[in-house]
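Quick note on labels: first sequence line is chain A, next is B, and so on, each numbered from 1.
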Number of protein chains: 2
Amino acid sequence: MSFEYTPPKYAQLITELERRIDSGEYPAGSLLPSEHTLMAEFGMARPTVVKALGVLRDQGWIVTQQGKGRFVRGRPAIPKDQKARTGRELLDRTETQAASKLLAAGPVEAPNRIAAYLGLEQKSAVVLRKILVERDGEPTEISATWVPATVAEGTALAESADLRQGIRRYVESAAGVSLDHIIEHITARNPTAEERKLLGVKTSAALLAVYAVACDATGKPWVVVETVLPGDLHELEDAYPIR
Amino acid sequence: MSFEYTPPKYAQLITELERRIDSGEYPAGSLLPSEHTLMAEFGMARPTVVKALGVLRDQGWIVTQQGKGRFVRGRPAIPKDQKARTGRELLDRTETQAASKLLAAGPVEAPNRIAAYLGLEQKSAVVLRKILVERDGEPTEISATWVPATVAEGTALAESADLRQGIRRYVESAAGVSLDHIIEHITARNPTAEERKLLGVKTSAALLAVYAVACDATGKPWVVVETVLPGDLHELEDAYPIR
DNA sequence: GAAGCCCGCTTGGTTAGTCAAGTGCACCAA
DNA sequence: TTGGTGCACTTGACTAACCAAGCGGGCTTC
């Protein structure tokens with residue numbers, strides 16, 4: 001029995017063309033060999049060549065122009081692999097890996113903003129986990145997770161032990177759903193009294209507040225993660241194509 | 001001569017399947033008709049059917065499982081059409097459409113942060129356009145655009161007349177490049193003396209500052225748009241898939 | 001009754017060929 | 001010289017057919 005894995009032909013062609021573009025053999029702005037030429041060189045049928053070129057176009061390596069040919073753009077500047085989005089990172093972070101201190105874990109009444117995000121009545125019961133994250137021994141971030149009590153009760157989410165996996169796993173198994181996307185809300189505000197004390201900032205400090213609402217494929221919200229960052233210590237970065 | 005446009009067959013199939021999913025004819029979680037069935041019903045060859053289904057999978061309408069079939073997920077919760085990203089919106093906004101007042105337009109020395117974003121030496125010459133945007137008669141946002149002087153000089157960017165098209169058009173034609181993507185930096189800070197006066201906020205107010213760096217396909221930066229928003233008036237929203 | 005094989009279903013990948021539509025150049029005629 | 005025609009080359013869309021691989025149920029065999 002053989003367990004070798006040979007990638008499909010079109011994938012091999014993709015790899016080879018990416019290599020040639022990276023190496024400068026096909027410089028940016030130049031015309032790529034035509035479908036016919038590639039068919040001859042690689043011994044593939046036209047649909048196979050076209051499929052590979054279609055993937056390269058979708059990923060931004062090349063642009064095509066009917067009647068003229070395909071032009072090299074170069075390696076796409078925005079890597080398609082996971083950009084570090086704040087909300088996604090919060091959802092998959094474990095409490096043990098970050099230098100963090102658990103401040104609270106248990107049932108509370110949902111604040112208005114959180115109830116609205118979760119689609120609950122005001123003052124509904126939710127489970128809150130609050131964490132103080134330190135960097136270089138200094139408090140640098142407060143992170144809070146809200147889950148509807150109907151989902152969280154009876155699970156590790158409501159207990160004081162550090163979570164050993166990311167929030168997402170717990171919510172997905174407790175609710176029996178697969179979290180699909182995140183809706184992020186970002187705003188700036190002054191600290192509450194508690195935040196002022198925990199973060200050691202002035203009353204007038206400008207804080208960055210990020211609310212990440214994680215929803216399933218139907219758009220139903222299941223968990224809200226809030227993180228509060230002093231603006232003078234943090235900056236969020238994000239990259240996206242213009243069109 | 002006829003100028004009718006008939007969309008390709010695979011696109012017609014996509015439209016029809018989306019309609020059936022939306023209408024509930026193919027409920028979420030159900031098994032889609034097999035490729036063979038669709039071939040028979042719509043009178044298309046298999047690659048045509050497969051191409052349509054591939055698009056639907058990429059857009060999140062369905063998931064496929066080799067050996068079992070394709071399962072309906074429902075209309076994707078995140079619409080693929082242009083999400084209103086702050087930076088993109090700033091770049092295409094015209095100065096005439098927003099109720100705005102031009103505060104400055106002309107050459108200045110680049111502040112450190114802007115020079116860094118543009119990849120210029122400190123205190124390089126740049127052209128600055130600063131605008132105060134009002135909503136309901138109240139000042140609500142300060143927007144500033146920074147373009148290297150080598151690009152902007154001699155163009156409408158350095159003049160006091162309102163720009164009649166978005167910043168992007170001007171920069172693209174002045175620099176002879178096509179802007180490809182945006183790198184966005186978000187932070188929170190207290191207002192400068194000027195911002196305090198213009199926005200009518202307190203010294204201790206928390207402002208949201210967004211820096212959008214627009215780059216061409218090679219990653220070279222061409223323009224920075226900064227927008228400053230009082231945190232108590234504004235909230236940025238963004239949606240993205242988890243994986 | 002249980003284990004294992006086989007077959008029919010599904011999707012994934014590939015081929016060879018057709019026709020249509022857009023682009024640019026060479027050639028020819030006025 | 002100028003204008004138009006036609007051809008060669010490009011990508012876009014589509015077809016019919018084939019084999020491979022994953023899944024599951026039914027049948028056979030022990």
Exercise for the section: Decide if atom CZ of B:R169 counts as having more than 12 heavy atoms of other residues, nucleotides or ligands within a radius under 6.0 Å. Expected result: no
Problem - Neighbour count >12 (heavy atoms, 6.0 Å) for atom CZ, A:R164 - result: no
Rounded distance in Å - [atom1] ([X]) to [atom2] ([N]):
{"X": "A:I62", "N": "D:dT11", "atom1": "CD1", "atom2": "C1'", "result": "11 Å"}
{"X": "B:H36", "N": "C:dG8", "atom1": "NE2", "atom2": "P", "result": "14 Å"}
{"X": "B:F71", "N": "D:dG22", "atom1": "CZ", "atom2": "C1'", "result": "13 Å"}
{"X": "A:L31", "N": "C:dT23", "atom1": "CG", "atom2": "P", "result": "14 Å"}

Fill in the blank from the handout: Each nucleotide of nucleotides 12-21 of chain C classed B (base within 4.0 Å of a protein heavy atom), S (only sugar-phosphate) or -, in 5' to 3' order, makes BBSBB-B--B
Practice task
Rounded to the nearest 0.5 Å, what's the gap from CG on B:L32 to OG1 on B:T37? Could you check?
Solution key: 9.5 Å
Handout entry: Short side-chain to backbone donor-acceptor contact, B:E184 and B:V210, under 3.5 Å
Key = no
Problem - Cation-pi check, B:R88 onto A:Y240 ring (under 6.0 Å, within 45° of axis) - result: no
Exercise for the section: Check whether any side-chain nitrogen or oxygen of A:K68 sits under 4.0 Å from OP1 or OP2 of C:dG24, and answer yes or no. Expected result: yes
Handout entry: Heavy-atom check, side chain of B:W61 versus side chain of B:D22, under 4.5 Å
Key = yes
